[in-house]
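Working notes for the structure below.
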Amino acid sequence: MTGSSDRVRSIRRATVTILVAALCYEAIARSGYFPAVLVPTIPKIAAALWRSLLDGTMLIHAGFTLYRVLFGFSLAIVFGVPLGIMMARYRPVQNFVLPLASALMPVPSLAWVPIFILWFGLGNTVSILVVFYAATFPILLNTWSGVRSVNPLWLRAAGAMGADENSLFWKVIIPGASPFIITGMRQAFLRAWIAVVGAEMIAASDWGLGWTIFDAKEFLNADVMIAALVVIGCIGFLFERLVFGSLEKATVMRWGMVKAVKS
Amino acid sequence: MRDGVPAISAAGLPAPERWIGRGENARWRVIARTAFPFLVLAAIWEIVARLEVFPRRLFPTLEEVASAFVRLTLSGILPHHAFDTLVRLTAGFAIAAIAGVIIGILMGRFRRAEDIFLPLVSIAAPIPGLAYAPLFLLWFGLGNFPAILLVAFVSAFPVIFNTWTGVKAVKEIWVRSAQAMGADNPKLFRHVILPGALPYILTGLRLGLAQAWRVLVGVEMLAAVPWGLGWMIFGAREFLNTDVMLSGIVVIAMIGLALEKLVFEKLENYTVVRWGMMS
Amino acid sequence: MSHIEIRDVSLVYDTPAGQVPGVQGVSLDMRESEFLCLLGPSGCGKSTLLNIVAGFLTPTSGEIRIGGKAVNGHGTDRGVVFQDFAQLFPWRTALGNVAFGLEMKGIPKEERDEIAFNQLKLVKLEKFVKSYPHHLSGGMQQRVAIARALAYNPSVLLMDEPFAALDAMTRDAMQRLLADVWRETRKTIIYVTHNVAEAVYLADRVIVMTPHPGKVKAEVVIDLPRPRDPLSVEFLDCQKQLLAHLGETHQVS
């Protein structure tokens with residue numbers, strides 16, 4: 001078991017490592033071996049980040065990206081969870097969906113971007129659809145295997161206590177499959193986050209964090225690029241830890257259905 | 001209807017349907033059942049295309065896609081694109097696998113290595129791989145080199161994390177008992193740590209390869225490489241060659257499916273069957 | 001009139017090796033508030049028979065009536081306790097688990113919480129009302145399972161080796177607790193076990209079953225005063241009698 005003093009020590013060591021890495025980077029940036037526009041110093045990056053946060057542009061970019069990713073992700077949940085449950089409960093549905101899913105899943109979502117641009121024009125629709133495509137499969141397949149792995153004993157016990165089809169679904173199958181469904185959503189968000197950044201780069205659309213990075217390349221604004229990278233990393237990290245982490249803590253971890261990840 | 005409730009499975013009894021209709025007849029039924037959804041999808045596609053809901057140019061019929069596919073395959077253009085994509089995938093993933101396993105093992109075995117790498121990896125990993133692409137292009141120019149490097153960089157993270165976890169998961173009693181039996185450090189590594197961590201390492205490689213595949217297609221679109229499936233699709237957009245783009249997607253799907261069936265499933269079965277320690 | 005009538009019930013399994021009889025020609029009558037043990041080695045069809053009575057399995061032939069009504073699928077006139085601790089819903093607290101059946105009946109929340117609390121009190125778990133199953137020991141989880149099966153007030157309680165996975169000391173305590181619960185609630189209980197002492201301690205009547213195919217071998221009425229003393233001569237005599245029946249079984253197979 002890792003005690004709190006162990007934790008403090010590992011945080012201190014991590015800080016030291018990051019400081020050393022930052023110093024090395026700073027030394028390289030200032031050495032003049034590389035053009036300063038390509039390898040900006042840390043203060044310059046921080047200034048770029050601060051400036052764009054202050055005048056609101058970075059927030060607007062982040063807002064657009066979040067809108068796209070959350071829209072597509074919600075669509076994927078609304079579509080994927082019920083379909084996954086139906087696949088597990090009704091064999092014909094499974095026989096129909098599974099071959100399609102296994103053929104479409106290995107196609108990276110970004111491969112669709114050029115085609116979607118042709119069909120739907122530049123803009124939000126492409127990014128949202130690509131996010132939807134990327135997020136659907138993990139949700140669908142995890143829900144499917146989650147429902148199939150619901151302990152048959154729970155179904156029996158609930159049936160013996162007089163549960164009808166409806167309460168069986170809402171009160172046994174959904175919570176019973178929730179560890180899988182949450183894992184699926186986690187994986188899906190990770191992929192959606194990758195997809196949205198990629199889609200914004202390829203389907204250039206004036207706003208969005210992916211677009212910022214891509215656009216900054218044209219003008220050799222490496223400081224803006226790295227600033228946007230930092231924002232992308234922070235948002236991804238926050239979602240992973242705060243949203244899904246606390247969702248997990250409030251449900252499946254509290255129920256003892258998955259063990260807490262060792263810190 | 002309670003057909004989803006496995007009425008007897010809790011008693012550990014075989015589901016009756018598994019025993020019905022084995023043999024030739026059943027195999028055809030499986031093939032037909034697998035083909036059926038694709039036929040339905042194809043029919044819908046064809047109807048939409050023929051009704052010209054979208055302009056024909058943007059939503060070609062299956063016949064046009066098929067003829068584009070055959071034309072590009074026979075002229076060697078499509079194989080050339082696919083070959084270059086595969087070369088990049090292999091090269092990038094090979095670098096990631098070697099570097100990732102080495103770093104992961106070092107992190108698992110040595111406290112110092114863990115202190116150095118873990119914070120860096122934890123910071124770099126949550127950023128979507130493709131977001132680094134413009135930075136790489138800026139630093140290393142356009143073309144093959146940044147593309148391969150980015151694929152390697154991105155797919156290394158799952159390899160590192162899983163290898164590290166696997167080495168840490170090697171049970172202390174295995175190490176102690178091997179030491180008690182006289183194993184020195186190289187032997188300990190070769191006979192205890194490596195096999196003990198192997199299921200995790202294989203999982204990491206599987207995830208890394210999948211990651212590499214997803215990123216590669218996007219990178220090819222951005223890095224302006226002369227050949228490659230991603231570039232082919234992206235380039236065809238300029239000329240509204242939807243049939244060419246769809247042919248490209250078909251090849252991407254085929255390669256992806258082949259990776260899935262030939263590599264991922266094999267790896268997974270290997271670890272699950274041989275060790276029975278992963279779920 | 002008997003509370004449970006089992007008339008010539010048989011069940012045949014389809015397996016790749018052909019048809020295997022699970023239970024063959026079992027007939028039984030139980031009166032109200034009787035405690036019946038089904039005793040036998042593994043594979044003798046005792047659990048299968050219990051699952052048929054519970055309505056989880058449909059017999060190939062024969063009929064079961066409870067309170068004069070033919071059994072067709074599961075119903076809330078029977079409560080079921082399984083051997084596996086995992087039968088509790090991990091996403092519900094002890095109280096939530098016990099209240100589940102009442103919730104299915106549409107009983108308002110306050111009322112069902114009160115009933116569930118009283119059931120937990122009956123199994124001496126009133127201090128663990130708000131605990132989730134994974135925080136409870138195996139014995140406590142099985143007590144919650146018993147309370148849960150009793151909560152919606154079924155007339156019959158079906159128990160499939162509920163204490164088999166517990167350690168010996170906990171099992172003794174649980175048997176005493178179950179005997180108390182039964183005395184208080186007067187349910188008709190069918191209890192499956194392969195433990196001879198357990199059968200003698202709990203049952204009014206023990207049905208000894210033999211495997212291949214699952215059949216009733218013998219019927220022994222345990223006419224000892226309660227609470228029973230496992231160290232008394234009469235208790236040991238009953239055990240010997242049952243063991244003799246089981247011993248013959250082993251020679252036959």
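Protein chains get the first letters and strands the later ones, always in sequence-line order, with residue 1 at the start of each. Computed from a prediction, not measured in an experiment: that's the story for all the values here.
- The number of heavy-atom neighbours closer than 6.0 Å to CZ of Phe237(A), taken from other residues, nucleotides and ligands shown, is 12 or below.
- For the atom pair OH (Tyr132(C)) and CZ (Arg254(A)), the distance works out to 3.0 Å, reported to the nearest 0.5 Å.
- You'll find the side chain of Ser167(A) stays beyond 4.5 Å of the side chain of Phe100(C), heavy atoms only.
- Annotation for Ala160(A) and Tyr152(C): closest pair O-OH, 3.2 Å, computed over non-hydrogen atoms.
- Looking at Leu88(C), the atoms closer than 4.5 Å to chain A (heavy atoms on both sides) all sit in the backbone: N, CA, C or O.
- Note that CZ of Phe85(C) and CG of Leu153(A) are 12.0 Å apart. Values are rounded to the nearest 0.5 Å.
- In Lys121(C), the NZ atom is not crowded: 12 or fewer heavy atoms of neighbouring residues, nucleotides or ligands sit closer than 6.0 Å.
- In terms of modelled atom types and a separation under 3.5 Å, the side chain of Trp154(A) and the main chain of Ala86(C) share a donor-acceptor contact.
- More than 12 heavy atoms of other residues, nucleotides or ligands shown are found within 6.0 angstrom of CD on Glu126(C).
- Options Gly101(C), Pro90(C), Gly79(C) differ in how many heavy-atom pairs under 4.5 Å they form with chain A, and the most are formed by Pro90(C).
- Contacts of Ala54(C) with chain A are absent, with no heavy-atom separation under 4.5 Å from either backbone or side chain.
- Looking at every heavy atom in both residues, Met104(C) comes nearest to Gly162(A) through CB-O, 3.8 Å.
- Both the backbone and the side chain of Val172(A) come within contact range of chain C, each with at least one heavy atom under 4.5 Å from a heavy atom of that chain.
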Inset, instruction - Take Lys171(A) and Arg92(C), measure what side-chain contact (heavy atoms from CB on, under 4.5 Å) needs, and give me the verdict at the end. - result: CA-CA 10 Å; Lys171(A) 297 189 168 158; Arg92(C) 284 174 168 246; 3.8 Å; yes
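- Asp84(C) CG to Arg156(A) CZ: the interatomic distance, rounded to the nearest 0.5 Å, is 11.5 Å.
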